[in-house]
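Okay, structure first, notes after.
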Amino acid sequence: MDRASTDLLADLTARGLVHDTTDRANLEDRLAAGPMSLYVGFDPTADSLHVGHLVGQLFLRRFQMAGHKPFPLAGGATGMVGDPSGRSDERNLLDLDTLRHNVSRIELQLQRLLDFTPGSAQAVLVNNADWTEPVRLLDFLRDVGKFVTVNQMLAKDSVRSRLDSDNGLSFTEFSYSLLQANDFRHLYEHHGVELQAGGSDQWGNIVAGVDLIRRGLGKSAHALTHPLVTKADGTKFGKSVDGAVWLDPDKTSPYAFRQFWIQVDDAMVGRYLEMFSLGALDDVRATIAAHAEAPEKRLAQRELARELTVMVHGTEAADAADEAAAVLFGGDPTQASPAALAVVAREVPSSSMSSAQLADTIGTLVQAKLATSNGDARRTLEQKGYRANGVQLDENAQLMAIALLHGRYLLLRKGKANHHLLEIS
RNA sequence: GGGUCGGUACCCAAGCGGCCAAAGGGAGCAGACUGUAAAUCUGCCGGCUCAGCCUUCGUAGGUUCGAAUCCUUCCCGGCCCA
C-alpha cells in the first residue's frame, strides 16, 4: 500500500495523466506520508456523464486503489451558476427541475466506479448544494469574497478570454470560481480533503480553492490536473457522429459504447489505454507493443473496449455487446445462432415488417434509416454500399429474393459499420 | 440613431439578369486498398414517379419573356461614426 502510494504520482505521470500540480515535491511528500482525501467535481450540465468525465472518475478510483479516500462531488450548487471555463459564450441556465433530475442521475453514476464499502478509503458522495444553499449572501461575501481580489479573478484565463471576446461574461459566471473555491475550503475543513483534481481547464478554479484555504484557514492544500483528452486531429474527444458518448446505457447503448472504443485510431489507442486502463502500466505497455506488432488484430482497441465496457456497464452487458459485434463483424451472418441474433436485435437498431413491405426494397432501406431518402438509397445501391445477410446488393437487387436467417431475420448493413436487423413476419 | 458592408445548400465560400440545384474547399456517405484504423484514390453529396419535374440562394413584395443576381419593405450580423 505504501509503495503504491509513493509511486502513484510517478504512475500518473508515466500515463500522461498529470498536466499540472501545485508544488510537486510537497505533494509527493504528502502522498508518501499516508492516505489522504481528495475530490473531483462533476457539474450536472446533462442527465448523464459522458466518456470525457471518465478520466476524472478514474482519478478518484486510482487514488482509492492506492489507499486514499475519494470524494466524488455532484455540483448541485455550481450547476446553478455555470462554469465559464473553456467556453466562449455564456451558458443557458438550466431550470431547477432539470437540474435536480440531472443531479440525481449523475449521483448514481458517480457511485459506480468507486468502492463504497466501509473502510478507511471508503468513497463519500457529496453534493455542494448541501453546504452552499444555506449560506447567506452577506456571509458569503464576508467569508469568501473578502479573501479574493477581483484583480486575481480577472487574471484567470477563463475570465480574460471572455472579457476579450464580444460575448462578455455575466456576473453569475464570473462568480463561479468563488463557489468552487468555497467547496474546496468546506471539504478541507469538514472532511480533511487536501487535494482537488480535475481537467486542466479547471486549474484556475482549483487554485482559487487552494488560495482560499491558505488565506482563510492558514492551511495548505494541493491541486492536480490532468490533460484534456483529445483525438488524433486535435478535436474534442468523446463525440461520435450521433453526439456525445454517454455513460447512461439508455442514452448510449453498451454496444455503441463498446464500438466507440473499438473504433479508436491506432494513433491514439496507446495513449488512451495508458490513460483509461486500471491495469498495471507494464501490462498496458505490453499490450501496446503487441498491438504495434500486428495492428490489424486491434488488440489494444479490444482491451480498451472490453475493460471500459465492463467497468461502466458490467460484465453481462459487455458480453452481450461482444457477442453482437462477433455476428455483425465476424464474417458470415448466416452462421449466427438464433441466440446470437437475439442479442444483435437488442444491441442494434431493429424493426419488424411484413414480407409484403419487403417488396419495396428502396422503401425498406429508408425505413430502416440506412438511407436519408429514396434517392440516397438508390445512390448507395448503385455504389454497392449495402449488404443483406452478407449478400452485396446492387441497383437491381430485391430484398425479397434474399434468404431469411432462421426463416425470419434480414440483417442489413450499410458500409462497414451501420447495421439494421429486420424481423419479417 | 447615421453611414457602410454583408446574409448563398451541414460549415466556409464563389456567383452578381438566361449556359444555376448554384464553382471551390471542408465535413459527411459509399467503393477500392486494408484491419470495425489512418492515409490515398474514385464516385456521390436538396427532393421526386429521375434524359424530365418540383422546392431552394435572410423575409415579403415588385420589375422582367426570364432573378441567387435589378428595385422596394422588413428581419438579422460585422465594421465605422454618434
Side-chain angles (χ1 to χ4, degrees), chain A residues 88-90 164-168 229-243 245 252-273 276 287-306 308-309 318 320-333 336 340 343-344 347-349 359-388 390-397 411-421:
Chain A
S88 58
D89 52 7
E90 185 84 6
D164 294 342
S165 83
D166 303 319
N167 295 315
V229 190
T230 53
K231 294 202 286 189
D233 58 9
T235 57
K236 200 164 185 185
F237 169 80
K239 300 275 181 203
S240 73
V241 195
D242 313 314
V245 179
T252 297
S253 76
Y255 170 76
F257 182 86
R258 184 200 114 105
Q259 290 304 98
F260 170 77
W261 296 105
I262 284 285
Q263 285 162 357
V264 161
D265 288 18
D266 283 357
M268 296 308 285
V269 72
R271 171 144 178 73
Y272 290 170
L273 208 52
F276 288 101
T287 302
I288 293 170
H291 178 259
E293 286 293 312
E296 72 281 2
K297 289 184 179 165
R298 311 177 76 79
L299 268 180
Q301 282 93 340
R302 285 176 204 286
E303 287 267 342
L304 185 65
R306 178 68 192 181
L308 291 176
T309 309
D322 284 351
E323 210 172 321
V327 172
L328 297 172
F329 296 98
D332 188 359
V343 172
V344 170
E347 299 292 338
V348 149
D360 179 8
T361 300
I362 303 276
T364 302
L365 291 169
V366 172
Q367 208 179 318
K369 296 221 167 63
L370 291 177
T372 54
S373 67
N374 293 1
D376 184 35
R378 272 195 205 93
R379 276 193 294 274
T380 310
L381 277 171
E382 277 163 27
Q383 296 177 141
K384 302 200 186 341
Y386 291 114
R387 283 171 188 275
V391 181
Q392 190 170 52
L393 307 180
D394 62 24
E395 62 271 33
N396 299 315
L411 183 60
L412 300 175
R413 182 181 124 184
K414 177 192 178 197
K416 281 183 178 167
N418 305 298
H419 296 89
H420 189 98
L421 186 70

- [ ] Starting at the 5' end of nucleotides 30-40 of chain B, put B wherever the base has a protein heavy atom under 4.0 Å, S where only the sugar-phosphate does, and a dash everywhere else.
- [x] SS-BBBBBS--

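- A:L412 contributes atom CG, which lies 13.5 Å from atom NZ of A:K369 (distance to the nearest 0.5 angstrom).
- Here B:G43 sits opposite B:C29 as a Watson-Crick or G-U wobble pair (both hydrogen-bonding atom distances under 3.5 Å).
- Remark: B:U56 base-pairs with no nucleotide in the shown strands. Criterion, Watson-Crick or G-U wobble with two distances under 3.5 Å.
- Here the separation of B:C16 from B:C81, taken at their P atoms, is 33 Å to the nearest Å.
- Here A:R306 pairs with A:D319, A:D322 under the side-chain hydrogen bond (donor to acceptor under 3.5 Å, both in side chains) rule; sequence neighbours left out.
- For A:F276, the ring-ring contact (aromatic ring centres under 6.0 Å, His included) test picks out A:F237, A:W261, with sequence neighbours left out.
- Nucleotides B:C57 and B:C12, compared at atom C1', are 15 Å apart to the nearest Å.
- For the C1' atom pair drawn from B:U63 and B:C48, the interatomic distance equals 32 Å after rounding to whole Å.
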Open item on the list: How would you summarise protein contacts on nucleotides 48-53 of chain B per nucleotide, using B for base, S for sugar-phosphate only and - for none, with heavy-atom distances below 4.0 Å?
Closed with: SSB---

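- Of the C1' atoms belonging to B:U56 and B:G3, the separation is 33 Å, rounded to the nearest Å.
- For the P atoms, the distance linking B:A38 with B:G28 amounts to 10 Å, nearest Å.
- Listed by chain and number, the residues in a side-chain hydrogen bond (donor to acceptor under 3.5 Å, both in side chains) with A:Q301 are A:D266, A:H291 (sequence neighbours excluded).
- Residues passing the side-chain contact (heavy atoms from CB on, under 4.5 Å) test with A:A290 are A:L299, sequence neighbours excluded.
- B:A27 and B:C20: their C1' atoms are spaced 23 Å apart (whole Å).
- The partner of B:U49 cannot be assigned: no Watson-Crick or G-U wobble pair with both contacts below 3.5 Å exists in any strand.
- Only the P atoms considered, B:U72 is 37 Å distant from B:G52, to the nearest whole Å.
- A distance of about 44 Å separates the C1' atoms of B:U59 and B:C41, rounded to the whole Å.
- Both distances falling under 3.5 Å, in either a Watson-Crick or a G-U wobble arrangement, place B:C79 opposite B:G3.
- Applying the side-chain hydrogen bond (donor to acceptor under 3.5 Å, both in side chains) test to A:S373 and every residue at least two apart in sequence or in another chain returns nothing.
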Got a list of side-chain donor-acceptor pairs under 3.5 Å for residues 377-388 of chain A, not counting sequence neighbours?
unit_1 : atom_1 : unit_2 : atom_2 : d
A:T380 : OG1    : A:D376 : O      : 2.8
A:Y386 : OH     : A:L370 : O      : 2.8
A:R387 : NH1    : A:G390 : O      : 3.2

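- More than 12 heavy-atom neighbours from other residues, nucleotides or ligands sit within 6.0 angstrom of CD on A:E296.
- Judged as a side-chain contact (heavy atoms from CB on, under 4.5 Å), and not counting sequence neighbours, the contacts of A:A321 are A:Y255, A:R258.
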